[in-house]
Engineer: 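Next up is a structure, given as structure tokens.
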Amino acid sequence: MNVLHKKRILIVSNRLPVTIRYREEVPEVTPSSGGLVSGLLSLHDEYETLWIGWPGFVSKNDRQAISEILTGPYNFHPVFMSEQVSDRYYEGFSNRTLWPIFHSLPSNAKYSSVEWEAYKKANELFSRKVLEFYRSGDTIWIHDYHLLLVSRYLREHLPDAAMGFFLHIPFPQYDIFRLMPQHREILESMLNLDLIGFHTHDYAQAFLGCVRRTLGIDNHLGQIMDGKRALQVDVFPMGIDFAKYSTAVNNPSLQKEIEKIRQMNTGKTVFNVSRLDYTKGIPQSLRAIRLFFRRYPQWRERIIFVLVVVPSRERVERYAALKREIDECVGNINSEFGTLNWTPISYIYRSLTFGELIGLYDIADVALITPLRDGMNLIAKEYLAVKQDNTGVLILSEMAGSAKELVESIQVNPNSEEEICEGLYHALTMPPEEQQRRNRSMRERLKTHNIERWIHRFLTRLREIRKISEELGVRHLDAASRANMVTQFGIAQNRLILIDYDGTLVPFADEPDRAVPDEELLITLNQLTAIPQTTLVIVSGRDRGTLGTWFKETNAILVAEHGGWVKRSPSEDWEPTIIPPSDAWKKEIRPLLNLYVDRIPLSFIEEKDFSLVWHYRKAESESASYAAHELIDMLSNLTTNLRTHVLPGNKCVEIRSTGISKGAFYQRFFHSASFSFLFAAGDDWTDEDLFAALPKEAFSVKVGTQISKARYNVNVYSDIRSLLNEFTEAVHARNR
């Protein structure tokens, strides 16, 4: 494909995938070769990719030369910043505040307003670089916790840009996240994105919970509607380059290193490869190994534990202290159990080459991967990919994101020396047939869900959510469509208006009885009903007593309980629209609803002729929302044979007799009638049946920006009221 016709993706990450070294004061650039890097670079076949990131500290004198080296062959575009800003942004707020908070280890977090300001400054620098290269139609893909504010800066300048974000580390629960003074600002920034991806369902739900409790914004299946734009929160477990790892042992260029590792193997080998970090659980795993040798002395001199610790941030005191603790643990274990011919722990404090890593994976009988908290952990996946004969045992922390996928592994609590110890014994005594059975399933899964599929799924989902946003934009009732609607009303021979009440004509109230129609609304409705050949129908979920009292002076047809009762005029009585079914089901449902009233303070039950409603508008939003989802699940099973429907409403859950809906009411009373103008408006999904039943030429309007079967969306109830006034004015203007 010609580059001129390729779509472009701007990849934005903290670090560019390069290493810069100086040889005799001349900078040399070496590209990185990690799984994510190779996967993203594979996009070249379909997209033109530009990578924007920090190259590490570069002096002002070298920046021009570095830029030219990176831009030319690689299409990498560096973000330069001063050493002070980079230190406070990266070592500071990113890793002293965000890293421990996001890993649910708040006791390790430091809070500094100076570092927060540097973080904001750095994010602004990244945003400026994106704006420098952005073209209309580009896709922007932002990566990880270092860049949580970039979307806010970009959205100010690029309101229509497609922006996705993936978080490579965990996301904490609300009670931990809110400890950060800047938690609200971070969430508000992230809501400027189109798609937010997490490794696991737990992380996604934690984020949505924080949005709900902090900002009061709910979601539907992970989708948050914001004006004309939809934001999707979804789960994308990151894969590896399976082909690269599964064939690496046969790579001729690696044979020398692999063979050297193989020759060192004289017995059973257990390994752990981790970066130096307090989230990796290294001291905990060492203490478990000490317990193992004490509890199972028969395994002494029969196994060797290879501990590879990759250096990281040693200048930071917390990490320096961790390094000392690891050194002491290794020394103590080797002193207590070692002999002249055997050293229990082979401790390597450096990075391994790719060949050494493959060799270690190849010979290892057991992988001991026990982080205290980890976004995914790809080491576990790489180990399994290398094991072509399906042997070997993976012991995996249940706190690692990969544990959700690698369910056949031996999963342990990383804080329990007992569990790790017994897991190790189980692994060393597991028969080969059992190893192969477990690993065969996991390897097949990893082969299918590889890094390429991860990238493809993310970008496909981003396109899908952008399409939804574009459809919302098209459906929004703009000035031209509004003017046409008003004109059609004015010239129509006869008109039918079907309109909801709560949320459509008036705002929601904490207590339903307080949502009384104001004088201005009553005047608007009376003016409409005074227009010849105009039928106004108020179709509400309210009970008939309330509607009859509130609209006794209005010459409108009143429909209560979503179509269960109809009052054709002020002088006529209410009549049921269907033969009233037995309400014996209420006796079975009411005790369950009473339990939820007791459990959720300020919630209450409303009883109508055809339904029971549990309201939770005044209750604490987080607990009430979770309770509502739980209640709906329980009721869906309970009501299967009760001839009822369970209907999630706006801050309520309604259980209603079957055969009653707004759409069914329209079909029974107006479907066969002929109207030259038909208008319907509503705000929640109880109105969707009505929208679906209307003819295509009808004007239907959804209040709010949720996905709807209505032709148009407006933002708030006042938009409907002003539209009704314009209808009246159009007729009066025509008659003048």
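Sequential numbering from 1 along the given sequence is applied to the chain's residues.
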Engineer: Are Asp277 and Arg313 ion-paired here, with the side-chain N under 4.0 Å from a carboxylate O?
Structural biologist: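 Looking at Arg313 together with Asp277, the answer is yes, because their closest N to O distance falls below 4.0 Å.
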Engineer: Please name the pair of heavy atoms, one in Ala230 and one in Ser469, separated by the smallest distance, quoted to 0.1 Å.
Structural biologist: N-OG, 2.8 Å
Engineer: Just by modelled atom types, is the Arg135 backbone N or O under 3.5 Å from a matching donor or acceptor in the Asp138 side chain?
Structural biologist: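 Checking the backbone N and O of Arg135 against the side chain of Asp138, a donor-acceptor pair under 3.5 Å is found.
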Engineer: So Thr686 and Asp684, side-chain hydrogen bond (donor to acceptor under 3.5 Å, both in side chains) or not? Walk me through it.
Structural biologist: CA-CA 6 Å; Thr686 62; Asp684 68 24; 2.4 Å; yes
Engineer: Are any side-chain N or O atoms of Asn123 and backbone N or O atoms of Tyr119, one a donor and one an acceptor, separated by less than 3.5 Å?
Structural biologist: yes
Engineer: Can you list every pair that meets side chain to side chain donor-acceptor pair (under 3.5 Å) and has a residue in residues 177-188, with sequence neighbours left out?
Structural biologist: Arg152-Glu185
Engineer: Nearest heavy-atom pair of Gly164 and Leu462: which atoms, and what distance?
Structural biologist: N-CD2, 4.1 Å
Engineer: Does some side-chain heavy atom of Arg617 sit less than 4.5 Å from a side-chain heavy atom of Phe508?
Structural biologist: yes
Engineer: With ring centroids as reference points, do Trp454 and His456 lie under 6.0 angstrom apart?
Structural biologist: no
Engineer: Decide yes or no for Thr214 and Tyr174: does some side-chain heavy atom of the first lie under 4.5 Å from some side-chain heavy atom of the second?
Structural biologist: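 SC-SC contact between Thr214 and Tyr174 confirmed.
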Engineer: Salt-bridge test for Glu124 and Lys121: reply yes if a basic N is under 4.0 Å from a carboxylate O, no otherwise.
Structural biologist: no
Engineer: For the pair Trp51 and Phe76, name the ring-plane relationship: parallel under 30°, tilted 30 to 60°, perpendicular over 60°.
Structural biologist: perpendicular
Engineer: Compute the ring centroids of His476 and Tyr712, then answer whether they are less than 6.0 Å apart.
Structural biologist: no
Engineer: For a side-chain contact (heavy atoms from CB on, under 4.5 Å) check, start with the C-alpha distance between Arg128 and Leu125, then their side-chain angles and the critical distance, and finish with the verdict.
Structural biologist: CA-CA 5 Å; Arg128 289 179 189 171; Leu125 291 173; 3.9 Å; yes
Engineer: In Å, rounded to the nearest 0.5 Å, how long is the span from OG1 of Thr460 to CZ of Arg463?
Structural biologist: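 Between atom OG1 of Thr460 and atom CZ of Arg463 there are 4.5 Å.
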Engineer: Ignoring hydrogens, what is the shortest heavy-atom contact between Asp374 and Pro170? Give both atom names and the distance.
Structural biologist: C-CG, 3.8 Å
Engineer: Report the C-alpha separation of Ser13 and Trp54 in whole Å, then their side-chain angles, then the decisive distance to 0.1 Å, and conclude whether the side-chain contact (heavy atoms from CB on, under 4.5 Å) test is met.
Structural biologist: CA-CA 8 Å; Ser13 63; Trp54 180 48; over 6 Å; no
Engineer: Hey, is NZ on Lys120 packed in by over 12 heavy atoms from elsewhere, all under 6.0 Å?
Structural biologist: yes
Engineer: For the ring pair Tyr319 and Tyr278, is the centre-to-centre distance below 6.0 Å?
Structural biologist: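 Yes.
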Engineer: I'd like to know if the side chain of Ser151 and the backbone of Ser189 have a donor-acceptor N/O pair within less than 3.5 Å.
Structural biologist: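 Pair found, side chain donor or acceptor close to backbone of Ser189.
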Engineer: When rounded to the nearest 0.5 angstrom, what distance separates CD in Glu382 from CD1 in Ile379?
Structural biologist: 4.5 Å
Engineer: Hey, mind stepping through Arg275 and Ser312 against side-chain hydrogen bond (donor to acceptor under 3.5 Å, both in side chains) and telling me if it holds?
Structural biologist: CA-CA 7 Å; Arg275 183 170 60 82; Ser312 174; 3.0 Å; yes
Engineer: Should Met238 and Ile451 count as side-chain neighbours, where that means a heavy-atom distance under 4.5 Å?
Structural biologist: yes
Engineer: Is any side-chain heavy atom of Leu191 closer than 4.5 Å to a side-chain heavy atom of Leu187?
Structural biologist: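 Result no, sub-4.5 Å side-chain heavy-atom pair not found.
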Engineer: Would the distance check show the side chain of Ser700 and the main-chain N or O of Arg711 forming a donor-acceptor pair, the cut-off being under 3.5 Å?
Structural biologist: yes
Engineer: What distance do Arg373 atom CZ and Asn377 atom CG have between them, rounded to the nearest 0.5 Å?
Structural biologist: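 It comes to 13.0 Å.
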Engineer: Sub-3.5 Å donor-acceptor pair from the side chain of Asn450 to the main-chain atoms of Asp241, do we have one?
Structural biologist: no
Engineer: Test your reading of the model: is there a side-chain donor-acceptor pair from Glu688 to the backbone of Lys709, 3.5 Å cut-off?
Structural biologist: yes
Engineer: Say whether Tyr89 and Asn14, considering side chains only, have a donor N or O and an acceptor N or O under 3.5 Å apart.
Structural biologist: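 Indeed, the side chains of Tyr89 and Asn14 share at least one donor-acceptor pair under 3.5 Å.
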Engineer: Minimum heavy-atom separation for Asp160 to Arg466, with atom names?
Structural biologist: O-NH2, 2.5 Å
Engineer: Does Asn713 use its side chain to pair, donor to acceptor, with the backbone of Arg475 at less than 3.5 Å?
Structural biologist: no
Engineer: I'd like to know if the side chain of Ser481 and the backbone of Leu477 have a donor-acceptor N/O pair within less than 3.5 Å.
Structural biologist: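 Such a contact is absent between Ser481 side chain and Leu477 backbone.
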Engineer: If we check ring pair (Phe, Tyr, Trp, His ring centres under 6.0 Å) with Tyr145, which of these qualifies: Phe102, Phe166, Trp99?
Structural biologist: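 Testing Tyr145 for a ring pair (Phe, Tyr, Trp, His ring centres under 6.0 Å) against Phe102, Phe166, Trp99 leaves exactly one candidate, Trp99.
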Engineer: Going by an N to O cut-off under 4.0 Å, is there a salt bridge joining Glu132 and Lys129?
Structural biologist: yes
Engineer: Is any side-chain heavy atom of Phe165 closer than 4.5 Å to a side-chain heavy atom of Ile140?
Structural biologist: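 Phe165 vs Ile140: side chains apart.
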Engineer: Strictly under 6.0 Å, is that where the ring centroids of Phe126 and Tyr153 end up?
Structural biologist: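 Aromatic pair excluded; centres sit 6.0 Å or further apart.
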Engineer: Are Arg155 and Asp194 within salt-bridge range, i.e. N to O under 4.0 Å?
Structural biologist: yes
Engineer: Are Phe57 and Ser82 side-chain neighbours, meaning at least one heavy-atom pair lies under 4.5 Å?
Structural biologist: no
Engineer: Within this structure, what is the CG-CD distance for the pair Leu221 and Gln232, rounded to the nearest 0.5 Å?
Structural biologist: 8.0 Å
Engineer: Can you measure from CG (Leu149) to CD1 (Ile142) and round to the nearest 0.5 angstrom?
Structural biologist: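 If I round to the nearest 0.5 Å, the distance is 10.5 Å.
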Engineer: Look at Arg457 together with Asp234 and state whether they make a salt bridge at an N to O cut-off of under 4.0 Å.
Structural biologist: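 Salt bridge flag = no for Asp234 with Arg457.
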Engineer: Taking side chain to side chain contact (heavy atoms under 4.5 Å, CB included) as the criterion, tell me which of Asn192, Leu10, Val130 meets it with Leu154.
Structural biologist: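 The passing option is Val130.
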Engineer: Check whether any side-chain heavy atom of Phe207 sits under 4.5 Å from a side-chain heavy atom of Arg212, and report yes or no.
Structural biologist: no
Engineer: Between Arg229 and Leu193, is there a donor-acceptor pair closer than 3.5 Å when you use the side chain of the first and the backbone of the second?
Structural biologist: yes
Engineer: Strictly by side chain to side chain donor-acceptor pair (under 3.5 Å), give each pair with a member in residues 100-111 just once, sequence neighbours left out.
Structural biologist: Asn108-Arg318
Engineer: For atom NZ of Lys618, is the number of surrounding heavy atoms from other residues, nucleotides or ligands below 6.0 Å larger than 12?
Structural biologist: yes
Engineer: Do you know the tightest heavy-atom contact between Leu70 and Pro55?
Structural biologist: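 Between these two residues, the closest heavy atoms are CD1-CB, 4.4 Å.
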Engineer: Taking atom CE of Met399 and atom CG of Leu372, what is their separation to the nearest 0.5 Å?
Structural biologist: 8.5 Å
Engineer: Between Glu405 (side chain only) and Lys381 (backbone N and O only), is there a donor and an acceptor less than 3.5 Å apart?
Structural biologist: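 Between the backbone of Lys381 and the side chain of Glu405 there is no qualifying donor-acceptor contact (under 3.5 Å).
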Engineer: How would you list all residue pairs meeting salt bridge (Lys or Arg N to Asp or Glu O under 4.0 Å) that involve residues 78-89, not counting sequence neighbours?
Structural biologist: none
Engineer: In terms of the angle between their ring planes, are Phe198 and Phe171 parallel, tilted or perpendicular, with boundaries placed at 30° and 60°?
Structural biologist: perpendicular
Engineer: As a quick check of understanding, evaluate side-chain contact (heavy atoms from CB on, under 4.5 Å) for Tyr717 and Asp502, giving each step before the final call.
Structural biologist: CA-CA 9 Å; Tyr717 76 96; Asp502 292 278; over 6 Å; no
Engineer: What is the minimum heavy-atom distance between Leu459 and Trp141, and which atoms define it?
Structural biologist: CD2-CE3, 4.0 Å
Engineer: Any side-chain heavy atom of Leu276 sitting closer than 4.5 Å to one from Val310?
Structural biologist: no
Engineer: So does Lys467 pair up with Glu470, basic N to acidic O under 4.0 Å?
Structural biologist: no
Engineer: Can you confirm if the aromatic rings of Trp116 and Phe93 lie within a centre distance of less than 6.0 Å?
Structural biologist: yes
